[in-house]
Amino acid sequence: MQLHEEGVAIRSTWAGSGPLRAELERLLAEGAPGGDHRFAGPVARGELGALFRGFDLVAMPSLSESQGLVAIEAQLCGVPVVASRTGGLVDAVRPGRDGELAEPGDVAALTEALRRAAEGVETGRYRVPDREWLVRFDPAFYQGRFVDEIMRLIAKGVHR
């Protein structure tokens with residue numbers, strides 16, 4: 001809402017659904033005149049890529065987040081991410097390179113991160129997708145690391 005108060009025109013698409021949707025729709029309708037806000041509802045996995053590629057950036061102001069899969073999926077589609085500095089998002093987003101981070105629940109910090117991200121999108125600052133970075137989240141990468149670790153432990157003779 002703060003960016004709207006500063007005269008920044010924002011278009012947003014809200015994907016998914018949850019218990020706060022009605023309240024969010026009301027708040028946007030009351031406090032964001034002139035904004036263009038759309039609620040897409042639940043999005044099928046096969047449609048996520050097309051949805052993400054239509055965005056300039058993805059915002060994830062989560063209070064907690066286990067892995068940050070949405071952030072990784074957005075980056076794979078070439079979209080930088082603004083996210084809360086929590087859980088797996090800390091590992092998925094590198095500030096200034098492929099997105100920005102803000103403290104969870106801190107509206108001023110989130111607003112500033114969104115402002116930096118918008119400037120970064122305009123100047124082409126972000127390197128998304130950074131394939132070398134994103135490969136870390138590939139299941140095959142994890143499997144290989146797991147097997148390597150098991151073999152290392154066997155070689156050391158570590159037993160329960």
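Nothing here was measured: the structure is a model prediction, and the numbers come from that model.
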Review point. Can you tell me how far the CG atom of Leu20 sits from the CD atom of Glu23, to the nearest 0.5 Å?
Key: 6.0 Å

Check your understanding: Rest of the hydrophobic cluster containing Leu51 (Ile/Leu/Val/Met/Phe/Trp/Tyr, side-chain heavy atoms under 4.5 Å)?
Key -> Val43, Leu48, Phe52, Phe55, Val58, Met60, Val70, Val79, Val81, Leu89, Val93, Leu101

Exercise for review: Give a yes or no on whether the backbone of Ser62 and the side-chain of Ser84 come within a donor-acceptor separation of less than 3.5 Å.
Suggested key: yes

Check your understanding: If you look at every heavy atom in Cys77 and Gly49, which pair is closest and at what distance?
Key -> SG-CA, 3.7 Å

**Study point:** Ile72 to Gln67 - nearest heavy-atom pair and separation
**Key:** CD1-NE2, 4.3 Å

**Study point:** salt_bridge(Arg125, Glu100) N-O dist < 4.0 Å
**Key:** yes

Practice item. Compare every heavy atom of Pro129 with every heavy atom of Gly78, then report the nearest pair and how far apart it is. Key: CA-CD, 3.9 Å

Review point. Once you round to the nearest 0.5 Å, how far does CD of Glu119 lie from CZ of Arg116?
Key: 9.0 Å

**Study point:** Cationic N near anionic O, under 4.0 Å, Arg152 to Glu149
**Key:** yes

Revision key, fill the gap. Here the gap from Arg145 atom CZ to Ile150 atom CD1, rounded to the nearest 0.5 Å, amounts to 13.0 Å

**Study point:** For Ala118 against Leu57, the heavy-atom pair lying closest together
**Key:** N-CD2, 4.0 Å

Review point. Hey, does Leu76 have a side-chain heavy atom less than 4.5 Å from the side chain of Val128?
Key: no

Review point. Backbone N or O of Ala92 within a donor-acceptor pair of the Gln75 side chain at under 3.5 Å?
Key: yes

Review point. Val82 and Ala113: which non-hydrogen atoms are nearest, and at how many Å?
Key: CG1-CB, 3.8 Å

Check your understanding: Arg38 versus Trp14: any side-chain heavy-atom pair under 4.5 Å?
Key -> no

Point to revise | Note: Glu25-Arg21 ion pair, threshold 4.0 Å (strictly below) | key: yes

Check your understanding: Quick one: CZ on Arg85 to CG on Leu110, what's the gap to the nearest 0.5 Å?
Key -> 12.0 Å

**Study point:** Common cluster, Val107/Leu63, ILVMFWY with side-chain heavy-atom separation under 4.5 Å
**Key:** no

Review point. Taking side chain as C-beta onward, heavy atoms only, is Leu24 less than 4.5 Å from Phe39?
Key: yes

Study note, to complete from the structure: For Leu69 and Arg45, the nearest pair of non-hydrogen atoms, with its separation, is CD2-NH2, 4.1 Å

